[in-house]
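The structure appears below as structure tokens.
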Amino acid sequence: MPTISDPVVPSGAPRPGAERIWCGKCGTNEHVILDSIEPLEPPSAELVDIAYTCVECDTFYAHASTFRDVAEILNQRGTVSGVLQFGGEYIHCGEPMKIAGTGFHSVYAPMSTEDPAVDLLDVYLATKVLRCRCGFRMELPS
Ligand SMILES: [Zn+2]
Ligand SMILES: [Zn+2]
């Protein structure tokens, strides 16, 4: 009986190229500094393309890695969990979040005023809203 080969990769299998962030020479990721984080083409919710250097032995690495691994490296430096902050960009679901708008936390924000105290207050409370395609939003001081 003929066998039909099935080229479909089982779902959940890691994509080829996804590797752990690790310096093979030093046997640790302790000295790793991320150089870049790029979305894959097409963007993936789990994987990003990264480049990094181990500053201990000066070895450069570049490959796809899981979001979780990248977060682990960045979280050592106090990043909010679930969001990668890198180079002024915030990455969620494997791609940079887009600015969805700006907002004010003040109960009432006058359009224009000559009162410098009110202006200062508004600047302090102004925020920008970043939105991910999954609907995740976060507010940052602008
Ligand atoms: Zn190293
Ligand atoms: Zn997201």
Side-chain angles (χ1 to χ4, degrees), residues 3-142:
T3 308
I4 301 165
S5 69
D6 185 2
V8 176
V9 178
S11 65
R15 281 199 206 186
E19 290 171 41
R20 231 187 128 190
I21 300 170
W22 192 255
C23 177
K25 281 195 190 178
C26 299
T28 178
N29 61 9
E30 239 179 85
H31 312 293
V32 159
I33 301 290
L34 287 170
D35 294 319
S36 70
I37 302 174
E38 302 283 345
L40 288 183
E41 214 35 76
S44 154
E46 285 100 38
L47 300 179
V48 283
D49 242 335
I50 57 160
Y52 57 93
T53 305
C54 174
V55 293
E56 185 71 10
C57 62
D58 213 23
T59 307
F60 179 80
Y61 300 87
H63 55 73
S65 185
T66 63
F67 197 79
R68 172 191 288 230
D69 259 12
V70 179
E72 221 170 83
I73 296 291
L74 291 175
N75 285 345
Q76 293 172 359
R77 296 162 178 100
T79 309
V80 181
S81 134
V83 178
L84 304 181
Q85 184 192 356
F86 186 80
E89 292 203 281
Y90 290 80
I91 300 169
H92 196 255
C93 290
E95 55 182 307
M97 293 170 72
K98 302 216 165 41
I99 293 172
T102 54
F104 290 93
H105 271 298
S106 48
V107 178
Y108 130 85
M111 293 294 290
S112 149
T113 176
E114 295 302 312
D115 185 347
V118 175
D119 270 339
L120 278 175
L121 188 68
D122 279 343
V123 168
Y124 182 70
L125 292 170
T127 60
K128 67 180 172 192
V129 180
L130 294 178
R131 201 213 305 255
C132 176
R133 67 193 163 109
C134 74
F136 176 83
R137 289 158 65 103
M138 66 184 273
E139 244 178 308
L140 296 169
S142 63

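Both ligands and their constituent atoms are indexed starting at 1 by order of listing.
Within the 4.5 Å cutoff, no side-chain heavy atoms of Leu130 are placed close to those of Phe136. With a 4.5 Å cut-off on side-chain heavy atoms, Cys23 and His31 do not count as touching.
Angle subtended at the Zn ion (ligand 2) by His92 ND1 and Cys132 SG: 110°, rounded to 10 degrees.
Counted within 6.0 Å of CZ on Arg68, heavy atoms from surrounding residues, nucleotides or ligands total 12 or fewer; the atom is thus considered open.
Distances shorter than 2.8 Å separate the Zn ion (ligand 1) from the protein N/O/S atoms Cys23 SG, Cys26 SG, Cys54 SG, Cys57 SG.
Between His92 and Phe67, the ring-plane angle classifies as perpendicular under the 30° and 60° cut-offs.
For Glu139 and Thr127, the side-chain atoms include at least one donor-acceptor pair closer than 3.5 Å.
Between Ala71 and Leu84 the shortest heavy-atom distance is CA-CD2, 3.4 Å.
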